[in-house]
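What follows is a short report on a single structure.
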Amino acid sequence: MAVQRKQFPFSEFEPKWQQRWLDEGAFRAANPGEPGFDANKPKYYVLDMFPYPSGEGLHVGHVEGYTATDIIARFKRLRGFNVLHPMGWDAFGLPAEQFAIKTGQHPRVTTERNVDRFRAQLQGIGFSYDWDREISTTDPKYFRWTQWIFLKLYNSWFNPETQKAEPIETYKGDNADSVRLAYVSEQPVNWCPALGTVLANEEVIDGKSEVGGHPVERRPLRQWVLRITAFAERLIDELDGLDWPEGIKLLQKNWIGRSEGASVTFGLEGASETIEVFTTRPDTLFGATYLVLAPEHTLVDQITTAEQRDAVEAYKRQVASKSDLERTELAKEKTGVFTGAYAINPVNGARIPIWTADYVLTGYGTGAIMAVPAHDERDWEFATKFQLPIIPVVAPADGSQPDTSAVFVGEGIAINSAPIEGLPTKEAKARITAWLEEKGIGHGTINYKLRDWLFSRQRYWGEPFPILWEEGRHRALPDTELPLVQPEMEDFKPTGSPEPPLSKATDWVQYSEKARRETNTMPQWAGSCWYYLRFCDPLNPERFVGTDAENYWMDAGKPGGVDLYVGGTEHAVLHLLYARFWHKVLFDLGYISTREPFQRLVNQGMILGPDEQKMSKSRGNVVNPDSVISEYGADSLRLYEMFMGPLEQSKPWSMKGVEGVYRFLGRVWRLAMEETQEGDWTISPALVEADLTPAQLRVVHATIKKVTEDIDGFAFNTAISQMMVCTNEFVNASPRPVAVLRTLLVLLSPFAPHIADELWALLATKFSGFHGRASSQAWPVWSEEYLAVSEAEYVVQVNGKLRDRLVVPKDAPQAEIEAKALALEKVQESITGKTVVKIIIVPNKLINIVAK
RNA sequence: CGGCGCGUGGCGAAAUGGCAGACGCAGCAGACUUAAAAUCUGCUGGAGGAAACUCCGUGCGGGUUCGAGUCCCGCCGCGCCGACCA
C-alpha cells in the first residue's frame, strides 16, 4: 500500500491524549460523599449495553453506539452535569467455554485476554469511560451479588393482593416452595446434545441452537425457573412512563402476549375427569363442535379408547420426532387423530369428539382447546380436512346472512346461542362469562404467551447456584458463604448427559455429610440483569449497591433510573425484559428507588458491509476498527460512524466516506496549523487575534445553535455537516480570527476529542483564552442577535408554484410584500386573465398568490 | 401469514406541511506542480435550449390543503422481527 502523507499527526497525539486522560482521571465521576463531588450539579447516567468480550475483538457496530453515548457523555459534562459513563464486561457465556473445551485452556484465561483486548480497543478510540468503575460479571466480587439477588428471588413470592414481590415470610399458605420467585420444576426443556446443555426458548432458533446452530430436542428435566409471569401485567403497564421507541414497547407487549378470555370446563362422557380449555371467544361456545388436546396433554393417554390407541400412539411418536422447525413449518397441513372419547359441551349438553393434534401447543393456556371451526381459521382448516361439523354462531354485524362456506373470524351478532342470542360480540363475551361463572363451569381469565424463565444451565462457565440439597429438599446457602466460586477443575467438558460438569467436582459438590451443592449454573442473562446498578457503586463490599450512590445516580424523579441506554435491537425483548423483572423485585423489596431500570432507550441501527449485507466472516465483508484507526485515526473513525446517517438507521460502510471526514479533520487542523519546509507543523501565521466579520459571526453562532440542538436530538450527522460548513467558511480566510477556534474546538470535542484537545494545547502556546482542555470547557452559547438578518428573501409562489424571489426588509408589513410581489413581472405573467382570490404569507419566508 | 420499519440524484444522506437534494462521496473542469499525489476553486437530478430560461422530478394510484418528500387511504418493492399463542 502506498504510504500517504498524513493530513495531521493523529498517530502521535491520539495515544498521548488517551494516556493523559487516564493519568489525570479526567472522566472520573465522584459519588456522593467522595472528594470532588458537587451536589449542585444535576446527574446524568448514560449507559452502553456492555459487550461480551469475544475473541473477535471490537466490531464497528459496537463503536457506533459507544460513540453516540460518548458524545452525549462529553456534551453533558461540558453542560455542567455530573456524568456517570461506565463500561464493563458481560464475560460469562458459551463461546469462552466452547473455546476452553477445544483448547483445554481455562475459560478465565481466555476471558481475561479478551477483556484486555477489548479494553485496549475502547481506550484506543478515546471513549470517556470512568475506568475506575469497570466491572466484569465473572469477577467473584461481582457475581457474589448476582448470587445474592438470586437468593432474594428464592426467598420472595409474588403477593397477588399487593401485586408486589414480598419476603416469603409474609406468605401464609402451607407450601412456600410453590410460590417462590425462584422455584424448581420438572419440565420439558430444549436439550442440545452438541452443547451438552438445555437452552431457554429464546436461545433456540428454528429448532437449532442460537450458538453454533446445533439441533435441539425436547426432554423433561429438573430445572430452576424464575416466576417472571407473575409480573406480566406490570411489565406491560409500567412501560407507559418510559421514553422508549414505540416499536420496542410493542415488541415487549407482544412477547408477553396478554390475552383476555375465559376458562371453560368440559365434562368427559362416561368419566369423572374434566377438561379445561382457554378461549378468547367464549361467545362462540355454542359453535364448539370438537375439542383438541395437545399430543403431550396428560389426559390423552387416559381417554383414548382401545380402538384408537394404536393410531394415537403412532401420532404421538410422530410428533415427538418432529423438530420444532418441522412443527411450525409455515403453510403446513394440519394433522391429528381422533382419541375415540367424547366430551360434553357444558352450555348445551352437546356430545362432541375429542381429538389430539399438534396445532395445539402444550405450553400455552391449558394445552387444550374447544374448536369452533366456523369462527377460527385453524379450526376451520382442521374441520374441513377431517370433515367435522361446522356450526355458525356469529353473524356479520351488517345483518347479512352468515356464509357457511367460509370462516368468519370477525366480531358480529351472536346466533344459535340461546343465552346470548342477538348480542354483539363484546357484550356476548361478557354475558356468557358471567353466565359460566354463575353455573360454576367457567370463569373469566387472562393468559400470557410469556412463560416462566428457565434459569439453569448445565455448564461450567457461569454463576453457581447458592443452593444446597438435602434429602431431596433445597435450601439457600447462607449469605456469609457468598461468593460461591466454581471449583478449579481440569476437565470442564459437558458430561454429555444433562448432568452438569460441576457434578464432576465431587469434593466441591459434597457440602457436608448430608448436603450436596446444586450443580447447575446461571444463564448469561443473569449478570446483565443488574450491572447498571453495580456501576453506581462498583467497589462496595457491603451491599450490591450503596444506598446513597443508588439514590443519587438512579433517581431522577422519573420511573426509570438510567437517563439514557443505547444498544442494539437484538436485546429489545429478552435482556430488557429480564432486567426489568429483576429491577421490579428489588424495588418491591425496598432495595432500590425506581420501579424501572432504563428511562430512555435508543437503538442504534445495524452497520452493514460495503456490499449492503450484514457483516460476517463468511461473507468476508467485516470492517475492523483497528485498521481504520491506524490509517485514519480514532477521531476519523468516531466522526465517520456518526456522519454515516441517523443513528437508528442501518447503513452500509464506505471507506470513501471515512476519507471524507478525515479530510474534514485535516481542514480543521490546517485552520490552526501550517506545514513548514521541513515538514513540521507550526501555528499558522494567518491566525490572528481579530474581530469576526458579521458573516463569520453568523456562521459561528449558527453552528453553536445547530450542533447544540442536534446533539440533543441525536442528529449527530447533521451536527457534523454544520461544523463542516463552519470550517469551510474559514479555511481561506486570511487573516483568520483565532476566536473561531475557541468555539469550534469545544463544539468538536465530543465528536473528535483528540484533535480538539491537541489543537487547543498547541494554540495555548501562542494565544490567550486556551486554558485547560477543549474537553473541559463550558459549552458555548449562541446569541440570536448574530443570527438575525436585516433583509428577508421571500419565495414568491403562484398557486403553489415557484415564480420568483423577492428581497424586502425583515418584518416588512404584509401589504407592502403583497404589493411588491404582485408587481413582479413573472407574477403578472402567470396571473393574467385570472382573479387573485387569496394571498398566503409566511413571515420572512414565503408568499403564495392563489389565482383562478 | 402477521406486526413493525423504510422507499428522495451515480452513492451515503438533508429538508417545524412552505425554495427538494444542505453536508459528504464519486465524477468533470481549472489553479498549483517538471509530473503526479495532496491541497484549493468551479460545475455536477433529468429533458430541452447557444443562452436567459422552460418543463419534469421524492416507489405507484387516489385524497386532504393555498401549498405534500412530509398528513390520510389503497397498492407495489425492500428490510427486520414474530410466527398455528386458541
Side-chain angles (χ1 to χ4, degrees), chain A residues 2 4-7 206 245-248 250-251 254-255 257-259 261 277-281 284 288 292 327-332 334 357-361 363-372 375-379 381-382 409 447-451 569-570 572-573 605-606 608 610 612 614 639-640 643-646 648-661 663-664 666-667 670 675 706 715 717-725 727-728 731-732 793-805 826 837-842 845-852:
Chain A
Q4 190 180 295
R5 181 85 172 80
K6 290 192 179 83
Q7 296 230 356
D206 291 341
E246 282 308 315
I248 300 295
L250 198 65
L251 275 176
N254 290 344
W255 187 264
R258 180 185 197 276
S259 57
V277 304
F278 172 73
T279 177
T280 56
R281 292 295 299 270
T284 62
V292 186
R327 219 173 140 160
T328 59
E329 197 89 57
L330 43 133
K332 77 171 176 111
K334 295 264 180 299
D358 69 355
Y359 82 90
V360 173
L361 307 176
Y364 183 76
T366 59
I369 62 153
M370 64 176 206
V372 185
H375 305 293
D376 181 282
E377 264 178 70
R378 296 152 298 184
D379 298 343
E381 251 179 73
F382 192 80
V409 297
N447 238 302
Y448 301 94
K449 276 202 288 190
L450 183 71
R451 316 287 155 84
T569 342
E570 65 271 22
V573 176
M606 206 187 317
L608 307 170
E612 304 226 19
K614 218 171 181 166
L639 209 60
Y640 173 64
F643 188 62
M644 292 172 82
E648 294 90 337
Q649 195 168 299
S650 60
K651 50 235 164 212
W653 187 272
S654 150
M655 274 304 170
K656 287 291 184 188
V658 182
E659 281 180 37
V661 296
R663 280 202 282 262
F664 160 65
R667 280 200 298 280
R670 289 191 307 273
E675 199 168 10
K706 183 140 182 70
N717 53 333
T718 49
I720 294 166
S721 296
Q722 183 61 38
M723 289 190 279
M724 289 173 168
V725 169
T727 303
N728 292 345
V731 112
N732 285 316
E793 188 185 46
Y794 274 82
V795 170
V796 182
Q797 297 181 340
V798 176
N799 292 334
K801 282 199 172 188
L802 177 69
R803 288 301 168 199
D804 205 351
R805 285 152 209 281
K826 290 191 178 130
V837 290
K838 197 172 179 182
I839 296 181
I840 287 128
I841 293 184
V842 182
K845 258 191 174 170
L846 174 143
I847 173 166
N848 187 15
I849 297 159
V850 186
K852 279 184 185 164

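A, B, ... follow the sequence lines: proteins, then strands. Residue 1 opens every chain.
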Can you list everything that forms a ring pair (Phe, Tyr, Trp, His ring centres under 6.0 Å) with A:Phe278? Sequence neighbours excluded, please. none
Across the strands shown, which category fits A:Thr279 at heavy-atom distances under 4.0 angstrom: base, sugar-phosphate, nothing? sugar-phosphate
Listed by chain and number, what are the side chain to side chain contact (heavy atoms under 4.5 Å, CB included) partners of A:Ala368, not counting sequence neighbours? A:Ile275, A:Val277, A:Leu293, A:His297, A:Thr366
Side chain of A:Met724 only, please: which of B:G24, B:A26, B:A86 is the nearest? B:G24
Identify which nucleotide among B:A13, B:G18, B:A86 has an atom closest to any side-chain atom of A:Asn848, counting heavy atoms from C-beta outward. B:G18
With C1' as the reference atom in both, quote the distance from B:C66 to B:C11 in angstrom, rounded to an integer. 37 Å
Under 6.0 Å from the six-membered ring centre of A:Phe382 and within 45° of its axis: does the NZ or CZ of A:Lys334 meet both? no
A:Arg258: which residues meet the salt bridge (Lys or Arg N to Asp or Glu O under 4.0 Å) condition with it, sequence neighbours left out? A:Glu233, A:Glu260
What's A:Val850 touching, base or sugar-phosphate or nothing? Going by heavy atoms closer than 4.0 Å. sugar-phosphate
Counting the atoms with a prime plus P, OP1 and OP2 as sugar-phosphate, which does A:Ser259 contact under 4.0 Å by heavy atoms, base, sugar-phosphate, or nothing? sugar-phosphate
From the options A:Leu361, A:Val292, A:Thr279, select the one residue that forms a side chain to side chain contact (heavy atoms under 4.5 Å, CB included) with A:Ile369. A:Val292
A:Trp255, nearest nucleotide to its side chain (from B:A14, B:A83, B:A26): B:A83
Dot-bracket summary - RNA chain B, pairs being Watson-Crick or G-U whose distances fall under 3.5 Å, with | when paired to another strand: (((((((..(((.....[....))).(((((.......))))).((((....))))..(((((..]....))))))))))))....
Can you name the side chain to side chain contact (heavy atoms under 4.5 Å, CB included) partners of A:Lys614, sequence neighbours left out? A:Met606, A:Arg619
Using atom P in both nucleotides, what's the gap between B:C25 and B:C40 to the nearest angstrom? 10 Å
For nucleotides B:G9 and B:G21, find the distance between their C1' atoms and express it as a whole number of Å. 7 Å
Give A:Asn732 one of three labels, base, sugar-phosphate or nothing, depending on what nucleic acid heavy atoms sit under 4.0 Å from its own. sugar-phosphate
Among B:C40, B:C19, B:A86, the nucleotide that comes nearest once only the side chain of A:Ile369 is considered: B:A86
Taking only side-chain nitrogens and oxygens of A:Tyr359, does any of them come within less than 4.0 Å of OP1 or OP2 of B:A86? no
Base, sugar-phosphate, or nothing: which does A:Val725 touch, judged by heavy atoms less than 4.0 Å apart? sugar-phosphate
For nucleotides B:U70 and B:C1, find the distance between their P atoms and express it as a whole number of Å. 28 Å
Would you tell me if any nitrogen or oxygen in the side chain of A:Lys845 comes within less than 4.0 Å of OP1 or OP2 on B:G18? no
Syn/anti state of B:G9 by chi, 90° boundary around 0: syn
Would you indicate what A:Arg663 reaches in the nucleic acid, counting non-hydrogen atoms under 4.0 angstrom: base, sugar-phosphate, or nothing? sugar-phosphate
Start at the 5' end of RNA chain B and walk down; is the nucleotide closest to A:Arg281 or to A:Leu251 reached first? A:Leu251
Partners passing side chain to side chain contact (heavy atoms under 4.5 Å, CB included) against A:Ser721 (at least two apart in sequence or in another chain): A:Phe643
Sticking with atom P, work out how far B:A14 lies from B:U8, rounded to a whole angstrom. 12 Å
Partner residues of A:Glu793 under the salt bridge (Lys or Arg N to Asp or Glu O under 4.0 Å) criterion, sequence neighbours left out: none
For A:Arg670, the side chain to side chain donor-acceptor pair (under 3.5 Å) test, sequence neighbours excluded, returns A:Gln7
Using a strict heavy-atom distance below 4.0 Å, which residues from residues 796-804 of chain A are in contact with RNA chain B? A:Gln797, A:Lys801, A:Arg803
Residues which pass side chain to side chain donor-acceptor pair (under 3.5 Å) with A:Ser259, listed by chain and number, not counting sequence neighbours: A:Tyr364
Kindly indicate whether the side chain of A:Met370, heavy atoms from C-beta on, has any atom under 4.5 Å from the side chain of A:Thr284. yes
Quantified in whole Å, what is the P atom distance between nucleotide B:A37 and nucleotide B:G30? 13 Å
Between the protein and nucleotides 3-12 of chain B, which nitrogen or oxygen pairs are less than 3.5 angstrom apart?
| unit_1 | atom_1 | unit_2 | atom_2 | d |
| --- | --- | --- | --- | --- |
| B:G12 | O2' | A:Met644 | O | 2.7 |

Does A:Lys651 have any salt bridge (Lys or Arg N to Asp or Glu O under 4.0 Å) partners at least two apart in sequence or in another chain, and if so, which? A:Glu64
Using OP1 and OP2 only, check whether a side-chain N or O of A:Asn728 sits under 4.0 Å from B:G24. yes
Does any part of the side chain of A:Asn799, heavy atoms only, come nearer than 4.5 Å to the side chain of A:Val850, both counted from C-beta? yes
Check this for me: does the side-chain of A:Ser721 come within 3.5 Å of the base of B:A14 through a donor and an acceptor? no
Among B:C19, B:A14, B:A38, the nucleotide that comes nearest once only the side chain of A:Gln7 is considered: B:A38
